[in-house]
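A short worksheet on the structure shown next.
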There are 2 protein chains.
Amino acid sequence: MSNKNRRHTKTQQMVLDYFENTDGAVSHEMVEKSLGDSMNRVTIYRILNRFEEDGIVHKIVGDDGVSYYARCESACDHDHHHDNHIHFRCEKCNSINCLEQSISIDLPKNYQMTNINFLITGICASCNKE
Amino acid sequence: MSNKNRRHTKTQQMVLDYFENTDGAVSHEMVEKSLGDSMNRVTIYRILNRFEEDGIVHKIVGDDGVSYYARCESACDHDHHHDNHIHFRCEKCNSINCLEQSISIDLPKNYQMTNINFLITGICASCNKE
DNA sequence: GTAACTGCAAAATATTTGCATCCTT
DNA sequence: AAGGATGCAAATATTTTGCAGTTAC
């Protein structure tokens, strides 16, 4: 389903590097703030969409309505990037990270699952100190 | 925190009735399609926001980026409408409903939770038959 | 050389705000 | 009558699309 002919470009590599050097999930806004001088905002949209389409990252939509992207774990293949652990979004520092806890899902009969989006919002430990 | 002086109006009652007569969660678009002739789209935005603010409904953000609203269970009070069960969004019929399964959350030390958003996307049983 | 990728402008969507008016209390 | 709620227009975001120019392969 997914593998179009993709090309390796500088811009994409920069975004990949950004993922590599960033803890937790990443939003369009964050990429733009970081790399916006080197590339157009539209390009960022397109790169993020492409990455998701290709299974390189998965998307987590926050209860703030913002889309965050995180590199997929090894387990992800191109058509299934299920992600049955919980993400935590800190309202203060606006980071999204994975919690250890993972969920075993008990879907009712005849239900079929294509995507999981588990998100808890609140204050993370480091922000809670202050 | 929440109780402003609210007034009882026809428009709001219509939206409430719509919730009552609809299974599962409801999006702005659905309300507008249903009641758009009787009220302005902006009014719908404001009513839905107000309802959420007042704890009358809670918001679930789909991985499609769309906000859905569902009437709160009895357990909800004004400041805490935690909703630790899983919602299921059907990509075909675009309904959102609650699954029975609820999740016990095991938050790491010093984490503080303000909101839960558990959503599985896929095909529901009735759509899966066809 | 071909087709993917990018940048810019513009279009399409989605949501919010200002303000005059209407309606609940 | 005071101020919350609504409608309309306009302002803000946010995301997508068209197309020409550029670059990877």
Side-chain angles (χ1 to χ4, degrees), chain A residues 1-19 25-69 78 89 94 96 115 117, chain B residues 1-19 25-69 78 89 94 96 115 117:
Chain A
M1 208 74 214
S2 13
N3 251 5
K4 285 108 182 173
N5 282 346
R6 300 302 195 196
R7 289 179 182 179
H8 189 200
T9 63
K10 244 171 278 178
T11 28
Q12 288 181 101
Q13 188 57 51
M14 290 177 71
V15 178
L16 274 181
D17 290 347
Y18 180 70
F19 272 97
V26 155
S27 66
H28 177 277
E29 190 190 356
M30 290 162 72
V31 178
E32 196 185 357
K33 271 200 183 115
S34 225
L35 306 175
D37 296 331
S38 318
M39 65 190 76
N40 191 276
R41 59 185 290 106
V42 176
T43 303
I44 299 173
Y45 277 114
R46 288 198 267 227
I47 288 178
L48 291 174
N49 287 341
R50 223 151 48 214
F51 280 2
E52 196 211 352
E53 201 177 331
D54 293 350
I56 295 169
V57 301
H58 57 255
K59 183 163 79 166
I60 308 137
V61 181
D63 51 355
D64 54 356
V66 177
S67 291
Y68 295 86
Y69 300 84
H78 290 257
R89 180 171 75 88
N94 238 296
I96 292 204
N115 193 31
N117 197 78
Chain B
M1 208 75 213
S2 15
N3 252 6
K4 283 106 183 176
N5 283 346
R6 300 302 194 194
R7 290 181 180 179
H8 189 200
T9 62
K10 243 171 279 179
T11 28
Q12 287 181 101
Q13 189 56 52
M14 290 177 72
V15 177
L16 274 180
D17 290 346
Y18 180 70
F19 272 96
V26 156
S27 66
H28 177 277
E29 191 191 355
M30 291 163 70
V31 178
E32 196 185 358
K33 272 202 183 114
S34 226
L35 307 174
D37 295 331
S38 317
M39 66 190 74
N40 190 276
R41 59 183 292 107
V42 175
T43 303
I44 299 173
Y45 278 113
R46 288 198 266 226
I47 288 179
L48 291 176
N49 287 341
R50 223 150 49 212
F51 281 1
E52 196 211 352
E53 201 177 331
D54 293 351
I56 294 170
V57 301
H58 57 256
K59 183 162 79 166
I60 308 137
V61 181
D63 52 356
D64 53 357
V66 176
S67 290
Y68 294 87
Y69 300 84
H78 290 257
R89 180 171 75 87
N94 239 295
I96 293 205
N115 192 32
N117 197 78

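Every chain is numbered from 1, with letters handed out A, B, ... down the list of sequences. This structure is a prediction, so every number in the text was calculated from the model and none was measured.
- Summary for the helix from C:dG1-D:dC25 to C:dT25-D:dA1: the axes at its two ends, each from 5 pairs, differ by 40° when rounded to the nearest 10 degrees.
- Taking atom CG of residue B:N5 and atom P of nucleotide D:dA5, one finds them 9 Å apart after rounding to whole Å.
- Chain A approaches DNA chain C over the interval C:dT2 to C:dA9, counting the first and last nucleotide 5' to 3' with an atom under 4.0 Å from its heavy atoms.
- Nucleotide D:dT15 holds its P atom 10 Å from the CD atom of A:E32, rounded to whole Å.
- Of the residues near DNA chain D, A:H8 and A:R46, the one whose nearest nucleotide (by heavy atom distance) lies more toward the 5' end is A:R46.
- The CG atom of B:N49 sits 13 Å away from the P atom of D:dA5 (whole-angstrom rounding).
- Positionally, the nearest nucleotide of DNA chain C for B:S67 lies more toward the 5' end than for the other of B:K10 and B:S67.
- Residues A:Q12 and A:R7 approach most closely at NE2-O, 2.8 Å, considering heavy atoms.
- In this entry the distance linking CG of B:D37 with C1' of D:dC8 reads 16 Å, nearest Å.
- Protein atom CG of B:D64 is 18 Å distant from nucleotide atom P of D:dT14, rounded to whole Å.
- Atom CG of B:D64 sits about 9.5 Å away from atom OG of A:S67, to the nearest 0.5 Å.
- From A:L48, atom CG reaches atom CD1 of A:I56 across 11.0 Å, with rounding to the nearest 0.5 Å.
- The nucleotide whose nearest atom lies closest to any side-chain atom of B:V42 is, among D:dA2, D:dT16, D:dA9, D:dA9.
- Among the protein residues, A:S27 comes within range of no part of the nucleic acid, since none of its heavy atoms lies under 4.0 Å from any strand.
- Minimum heavy-atom separation, B:I44 to B:H28: CG2-CD2, 3.4 Å.
- Between atom CZ of residue A:R6 and atom CD of residue A:E53 there is a gap of 5.5 Å, rounded to the nearest 0.5 Å.
- As rounded to whole Å, 14 Å separates atom C1' of D:dA5 from atom CD of B:E53.
- When the C1' atom of D:dG21 is taken as reference, atom CG of A:N40 falls 14 Å away, rounded to whole Å.
- Between B:T9 and the phosphate of D:dT6, there is a side-chain N or O to OP1/OP2 separation shorter than 4.0 Å.
- Counting non-hydrogen atoms under 4.0 angstrom, A:R50 reaches the backbone sugars and phosphates but no base.
- Side chains of B:D63 and A:N117: a donor-acceptor N/O pair is absent below 3.5 angstrom, by distance only.
- The shortest non-hydrogen separation linking A:Y68 to A:G62 is CD1-N, 4.3 Å.
- For the atom pair CG (A:D17) and CE (A:M14), the distance works out to 8.0 Å, reported to the nearest 0.5 Å.
- Nearest to the side-chain atoms of A:Y45 among the listed nucleotides D:dG7, D:dT14, D:dT6 stands D:dT14.
- Rounding to the nearest 0.5 angstrom, the gap separating the CD atom in B:E29 from the CG atom in B:N94 is 8.0 Å.
- Between B:I44 atom CD1 and D:dC8 atom P the separation is 12 Å, expressed in whole Å.
- Atom-to-atom distance recorded for B:I96:CD1 and B:I60:CD1 is 5.5 Å, nearest 0.5 angstrom.
- The base of D:dG3 sits with one of its N or O atoms less than 3.5 Å from a complementary donor or acceptor on the side chain of B:R7.
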